[in-house]
Amino acid sequence: MNTSEHTPQTIATDAEGATKPIHEKMPKDSFEPGKEYAVSLDGRALYSAEVTKYSGGCWATVKVVKPLDETLAAEYPAGATFDIKVAGYEFE
């Protein structure tokens with residue numbers, strides 16, 4: 001699943017006049033807790049992870065199953081659990 005279609009497309013202005021990107025949230029049924037995904041960033045495979053929590057929106061909690069790039073094994077050890085901003089990554 002490539003989340004690039006959910007990246008910011010337009011700019012909005014808040015009450016103070018500051019601009020910010022607008023993006024669509026990931027559909028709840030497109031990213032399922034209990035399923036395992038290969039997670040990549042900017043085309044670089046990082047790790048295989050199980051989604052442990054996701055209720056729609058921008059954030060998900062994942063648990064690393066194994067690093068997909070051995071040079072990243074220290075950063076993404078098996079069993080590590082953390083939150084990710086879904087729109088920033090690609091999933092397969």
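Everything numeric here is computed off the predicted structure, so don't read it as measured data.
The nearest pair of heavy atoms linking E50 to G34 is OE2-CA, 3.8 Å.
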(message) As a quick check of understanding, evaluate side chain to side chain contact (heavy atoms under 4.5 Å, CB included) for L46 and Y89, giving each step before the final call.
(response) CA-CA 10 Å; L46 301 176; Y89 296 87; 3.9 Å; yes

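By the 4.5 Å heavy-atom criterion applied to side chains, E36 and S48 are counted as neighbours.
Every side chain to side chain contact (heavy atoms under 4.5 Å, CB included) that S40 has, sequence neighbours left out, goes to A45, E90.
Ring centroid separation for the pair Y37 and Y54 does not come in under the 6.0 Å cut-off.
Using a 30° and 60° split on the angle between ring planes, F82 and Y76 fall in the tilted class, from 30° to 60°.
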Would you be so kind as to tabulate the donor-acceptor pairs closer than 3.5 Å made by side chains of residues 56-69, with sequence neighbours excluded?
residue : atom : partner : partner atom : Å
T61     : OG1  : D83     : OD1          : 2.5
D69     : OD1  : T71     : N            : 2.9
D69     : OD1  : T71     : OG1          : 2.6
D69     : OD2  : R44     : NE           : 3.3
D69     : OD2  : R44     : NH2          : 2.9
D69     : OD2  : T71     : OG1          : 3.3

